[in-house]
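Quick caveat: nothing in here was measured; it's all calculated off a predicted structure.
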Amino acid sequence: VTLTSRTLSVTLNNLVNGDYCYSLRAIDLDGLASEWSATGRFTIDYQAFADADDYRRTKATALIVNEFHQETLGGGDSCDIFTVNLDAGRYQLAGKFGSSVKVSLFDSFGKRVTSSTDRNGTVSTKEKLLAAGTYFVQIESRKPEAGETGYSFAVTGEIFHRGTPGDNLPGVAETILLVESGATGSVSARGYVGYGDAVDFDTFTAGRGGIYSLALNTVSADAKISIGTLDSKGNFKAVKTAASGKELAGLKLTCGDWYIKVQAISPQSGRGNTEYAFSVKSDLFAGSADNSDDTLKAARQIGTDTLWSDWLGYGDKKDFFEFELAVSGQVSLELTGFTAGYEIGKELKIALYDSRNRKLKLDDALQSRDLLAAGTYKVGVEIADPNKQESLYGLRILA
């Protein structure tokens, strides 16, 4: 075909699919022609669509998983495109066709995931593990000139993801409420981990420390459960980890925020999918750890002749207090309300310090042996073994 044009573009109509070559030359106003240019090449791979709703992805017909869709192909309609939103799972394309076809599945980026041609009018692709997202099904007629024929097909599969992938980082952990009743506390939660949602995080706040137990039960596959805290960068640091079906018992936890991580085993294989339930139970300590007064420098200011109540135990070994002695004299310390069977000097210790943090002598009645000048003094109360012992106590400073 030779065309002559006075413009920079030429339109050719009704070209069939195939490879084409072209060459150009110029002709001046006097009719003198230049030599032909080097040969260029291009390919036309155009497919005519009878249905305006399925020839573009933006207008592709929506499918529902595990429901068959009926359509026609051929007679000027050589390709149909459908869209389907999938949860994470294992899927395949299956159908019956009245003509020879090629069926393909593409992800949202246009990458072909799987494809198959019909065998005796039947198509069944291999099962594929697919992440949640939008996918496109393309059905191409291999013999569009054969005329219009009907077909029926479906995207079938097993949906894995029933969880909430929005909780797969500690920073977006699901908050659950630890219910404290008297000397005990409890909390439980349910969820799903597996392909497409490998990890779940939950967080709870312990108002009091205690001895905790943690148990994970799964339905169809094993999983792991961990309890821990976050470091200064927000990364999860596990304290203890156990497999499903094995209880984590005897966990000593302080008051504060704790994080629970449930993790699927081999989630990428699609065989680690499971629903789960976990429970947390605790025997709470009698009091709450307060680390704001754990050093002489951070001693809490209290008055004389008044009763101060506090607690010592796991996570809180020492408390320090500061008071003012208005006039010179002796000081007596009273320690009351502590755990039955404990003795001052054994399980509980008490000390008196001057303003320079030097320890002063006390007699057996917890009275200062020396006459003290007016000024600032400090008292320290300590439990001998906070890993095994705990106690409420009352402190009164008599001046």
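Under the 4.5 Å side-chain heavy-atom criterion for ILVMFWY residues, no single connected hydrophobic cluster contains both F68 and V101. The same ILVMFWY cluster, assembled from side-chain heavy atoms under 4.5 Å apart, contains both L178 and L253. A single hydrophobic cluster is seen to contain both I176 and Y212, as judged by linkage of ILVMFWY side chains at heavy-atom distances under 4.5 Å, directly or through other members. Under the 4.5 Å side-chain contact rule for hydrophobic residues, L284 and V280 share a cluster. In the hydrophobic clustering of this structure, F321 does not group with Y353; members are Ile, Leu, Val, Met, Phe, Trp, Tyr whose side-chain heavy atoms approach within less than 4.5 Å, directly or through other members.
Of the inter-residue distances, the one linking N66 atom CG with E158 atom CD reads 10.5 Å to the nearest 0.5 angstrom. The CG atom of L93 sits 9.5 Å away from the CG atom of L63 when rounded to the nearest 0.5 Å. Summarising the geometry, atom OG1 belonging to T254 is positioned 8.0 Å from atom CG belonging to N291; distances are rounded to the nearest 0.5 Å. The OG1 atom of T125 lies 11.0 Å from the CZ atom of F153; values are rounded to the nearest 0.5 Å.
Formation of a donor-acceptor pair under 3.5 Å by the K317 side chain with backbone atoms of A384 is found in this model. Listed for the T218 side chain is a donor-acceptor partner under 3.5 Å among the backbone atoms of A221.
Counted by atom type alone, D80 and Y151 present one or more donor-acceptor pairs between their side chains at under 3.5 Å. Looking at N120 and T122, their side chains never bring a donor and an acceptor atom within 3.5 Å of each other. A side-chain donor from one of Y276 and D200 sits under 3.5 Å from a side-chain acceptor of the other. S104 and R112 are linked by a side-chain donor-acceptor pair at a separation below 3.5 angstrom, with hydrogens and angles left out of the test.
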Tell me, with the steps shown, if K111 and D107 meet salt bridge (charged side-chain N to carboxylate O under 4.0 Å, His left out). CA-CA 5 Å; K111 180 181 179 181; D107 64 18; 5.9 Å; no
Ring pair (Phe, Tyr, Trp, His ring centres under 6.0 Å) evaluation trace for Y393 with W311: CA-CA 6 Å; Y393 67 89; W311 175 87; 9.6 Å; no
Donor-acceptor contacts, no H, no angles, side chain residues 322-330, under 3.5 Å, sequence neighbours left out:
from : atom 1 : to   : atom 2 : distance (Å)
E322 : OE2    : Q301 : NE2    : 3.2
E324 : OE1    : T376 : OG1    : 3.1
E324 : OE2    : T376 : OG1    : 2.5
Q330 : NE2    : S368 : O      : 2.8

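Counting heavy atoms from C-beta on, the side chains of D293 and D310 come closer than 4.5 Å.
Using cut-offs of 30° and 60° for the angle between ring planes, the F42 and Y20 rings count as parallel. The aromatic rings of F236 and F201 sit perpendicular, their planes meeting at an angle over 60°, well past the 30° parallel limit.
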